[in-house]
There are 2 protein chains.
Amino acid sequence: MQAVSRLMTPVHAARRGRPPKTLSQRDEGNRRRDLIQRAARLFREKGYAATSTRDIAASVGMHSGSPFYHFESKQFLLFTVMCDGMNQAKAKQSEVLAKMRLARVSPEQLLYGLIRHHLEILLGADKDFIPVMLYEYRSLDAGQQQVLADMQHDYEADWLPVLKKLHAQKRLHTSVKWARLLIFGALNWTVQWHTMREGVSQAKQLDTLARAALDLFIHPASPEVAAS
Amino acid sequence: MQAVSRLMTPVHAARRGRPPKTLSQRDEGNRRRDLIQRAARLFREKGYAATSTRDIAASVGMHSGSPFYHFESKQFLLFTVMCDGMNQAKAKQSEVLAKMRLARVSPEQLLYGLIRHHLEILLGADKDFIPVMLYEYRSLDAGQQQVLADMQHDYEADWLPVLKKLHAQKRLHTSVKWARLLIFGALNWTVQWHTMREGVSQAKQLDTLARAALDLFIHPASPEVAAS
DNA sequence: CCTACCGATCGGTAGG
DNA sequence: CCTACCGATCGGTAGG
């Protein structure tokens, strides 16, 4: 996930003759990562337009002009947040799928796993990234939107075989095309209303929610249809 | 719906001694309505923070300071857009429900009607209002958010008896609490991806989408359970 | 509702 | 990465 984002980053370390600093304790990658992390949180909490580059600089202890040493523009920082988020989400989803396939679980369990993981991405510890992508899309330029659209397409592609199987089994009574859009909608919208309760483990709360979603979308197996 | 929004509007026609103008062809209400209409569209298209009051003024042919004659602040204009939208949506929904109740339709048909109407609100001719409310909520202050939360609660209250009935009939396999949140999510998210196709009537496209949503959420009636 | 304007803030840059 | 700064834009207001 780092690879892609670094590729897309115009590095300007060479610009405006600056001593290379030989990687002291605060090396460049860390500061850059800090900026991305804090920007993600601020963008999620206040929105992109309402967050100033000064807010971001202050939140990592920099002065107002310094973020522009790491990022050519505020928009590019937003784009980087989104790309990093997507790469991370896609990588984790692949892991989840690989594990389930080894365990030879049913299509229903596969869909549960995908839903559960997607909720983790939206509401879990790293929740600052994908929600920003979902809700600040229009702040990107056309080219950046295209890049992210392709990444989203890849991410959702993993869901299609599972949905197709469930549709073939008559456990999903909507075409795969509509089901995908509506299911992602229901999940993505949780960002708007879900808050973690105190005293219950986060994992359990996400389990419950994932189960509720699955039960809403997937019809019970009719007795004569065997699994897989 | 006008009533409430007018009530909440601090009228300052009396401020800064201005000749009352005796309602010429461009009377005050029309200009005010124009502002609300155009602001709603700009807020939806570009976002609240990214829309300047100058943009709004220009789009109705006013000069930059003039919107503040009608609205005490940009934020209050946003709030008015949302309130007008909610009042309109609630009123139309009540009509839809009243008609269906007269026709004594089934709970399934009731839910279809509610979904169909909600999609109309989100994607139909007046689509500039509720989407702004859904996506710019955080730009309001706490008091305004509370007012709108109450209105939304009223709006959604109409859905609960229908969902309860379907749950009792085992046609909805998720608790009413979760179902409401997830269903509204799936519908509200359509704003993000739905575009009208050319050559097909808008009504038909919304029918199709409403049907797809209903089929996703509601399980087929088991043979032994009679309607209602 | 227009004119003319203010103070604040913003993204971004030159130079070191 | 800091210092010092610029031009642009923004929400909002006084006065008519």
Side-chain angles (χ1 to χ4, degrees), chain A residues 10-36 38-39 42-43 46-80 136 139-141, chain B residues 10-36 38-39 42-43 46-80 136 139-141:
Chain A
V11 178
H12 27 244
R15 251 170 49 180
R16 295 191 293 254
R18 184 187 50 89
K21 238 195 179 183
T22 56
L23 288 183
S24 59
Q25 73 267 28
R26 49 162 58 171
D27 70 295
E28 201 152 297
N30 280 339
R31 298 300 278 159
R32 193 183 135 88
R33 247 191 314 273
D34 287 351
L35 274 169
I36 295 172
R38 303 305 204 109
L42 289 167
F43 289 158
K46 314 204 304 170
Y48 172 73
T51 301
S52 71
T53 55
R54 283 163 171 82
D55 290 339
I56 298 166
S59 86
V60 297
M62 283 180 184
H63 287 237
S64 71
S66 302
F68 295 96
Y69 168 76
H70 295 277
F71 295 92
E72 66 182 54
S73 69
K74 184 188 177 191
Q75 190 188 40
F76 197 84
L77 174 52
L78 174 67
F79 180 55
T80 306
E136 301 292 348
S139 298
L140 301 175
D141 66 38
Chain B
V11 179
H12 26 244
R15 252 169 49 179
R16 296 191 292 252
R18 184 187 52 91
K21 236 196 180 183
T22 56
L23 288 183
S24 58
Q25 72 267 28
R26 50 161 58 172
D27 70 293
E28 201 151 298
N30 280 340
R31 297 301 278 162
R32 194 184 134 86
R33 247 192 314 275
D34 286 352
L35 274 170
I36 295 171
R38 302 305 204 110
L42 288 168
F43 288 158
K46 313 204 305 168
Y48 171 72
T51 302
S52 70
T53 55
R54 283 164 170 81
D55 289 339
I56 298 166
S59 86
V60 297
M62 283 180 183
H63 287 235
S64 72
S66 302
F68 295 97
Y69 168 75
H70 294 278
F71 295 92
E72 66 183 53
S73 68
K74 183 189 176 190
Q75 190 188 42
F76 197 85
L77 173 52
L78 174 67
F79 181 55
T80 306
E136 300 293 347
S139 298
L140 301 175
D141 66 39

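Letters A, B, ... are given to chains in the order of the sequence lines, protein chains preceding strands, and every chain is numbered from 1.
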Report task. Using whole Å, report how far CD1 of Ile56(B) lies from P of dC1(C). Result -> 14 Å

Report task. Inspect the contact between Arg38(A) and Asp55(A) and indicate whether a charged nitrogen and a carboxylate oxygen are less than 4.0 angstrom apart. Result -> no

Report task. Starting at atom CD of Glu72(B), determine the distance to atom P of dA14(D), rounded to an integer number of angstrom. Result -> 14 Å

Report task. Identify which nucleotide among dC1(C), dC2(C), dC1(D) has an atom closest to any side-chain atom of His70(A), counting heavy atoms from C-beta outward. Result -> dC1(D)

Report summary line: 5'-most contact on DNA chain D (nearest-nucleotide basis), Ser64(A) vs Ser52(B), goes to Ser64(A)

Report task. List the steps and the verdict of side-chain contact (heavy atoms from CB on, under 4.5 Å) for Met62(A) and His70(A). Result -> CA-CA 11 Å; Met62(A) 283 180 184; His70(A) 295 277; 3.6 Å; yes

Query raised in the report: Do Thr53(B) and Ser64(B) have side-chain heavy atoms sitting under 4.5 Å apart?
Result: no

Report task. Kindly determine whether Ile56(A) and Phe43(A) satisfy side-chain contact (heavy atoms from CB on, under 4.5 Å), including the steps that lead there. Result -> CA-CA 9 Å; Ile56(A) 298 166; Phe43(A) 289 158; 3.8 Å; yes

Query raised in the report: Rounded to the Å, how far apart are Lys74(B) NZ and dG11(D) P?
Result: 4 Å

Query raised in the report: In whole angstrom, what separates Leu78(B)'s CG from dG12(D)'s P?
Result: 12 Å

Query raised in the report: Is the cationic atom of Lys74(A) (NZ for Lys, CZ for Arg) positioned less than 6.0 Å from the six-membered ring centroid of Tyr48(A) and within 45 degrees of its normal?
Result: yes

Query - Atom-to-atom span, CZ of Phe76(B) to P of dT13(D) - whole angstrom - result: 14 Å

Query - Among dG12(D), dA4(D), dC2(D), the one nearest Ser73(B) by side-chain distance - result: dG12(D)

Query - Counterpart base for dT9(D), defined by Watson-Crick or G-U wobble contacts under 3.5 Å - result: dA8(C)

Requested in this report: For His63(B) and dA14(D), give me the distance from atom NE2 to atom P, rounded to whole Å.
Outcome: 21 Å

Query raised in the report: Of all the nucleotides listed (dC2(C), dG11(C), dG11(D)), which has the minimum atom distance to the side chain of Met62(B)?
Result: dC2(C)

Query - Between dC1(C) (C1') and Arg54(B) (CZ): distance, integer Å - result: 16 Å

Query raised in the report: Is there a Watson-Crick or G-U wobble partner for dG16(C) with both distances under 3.5 Å, and which nucleotide is it?
Result: dC1(D)

Query raised in the report: Between Ala50(A) and Ser66(A), which has a closest nucleotide on DNA chain C that is more 5'?
Result: Ala50(A)

Query raised in the report: To the nearest Å, how far apart are Phe68(A) CZ and dC2(D) C1'?
Result: 14 Å

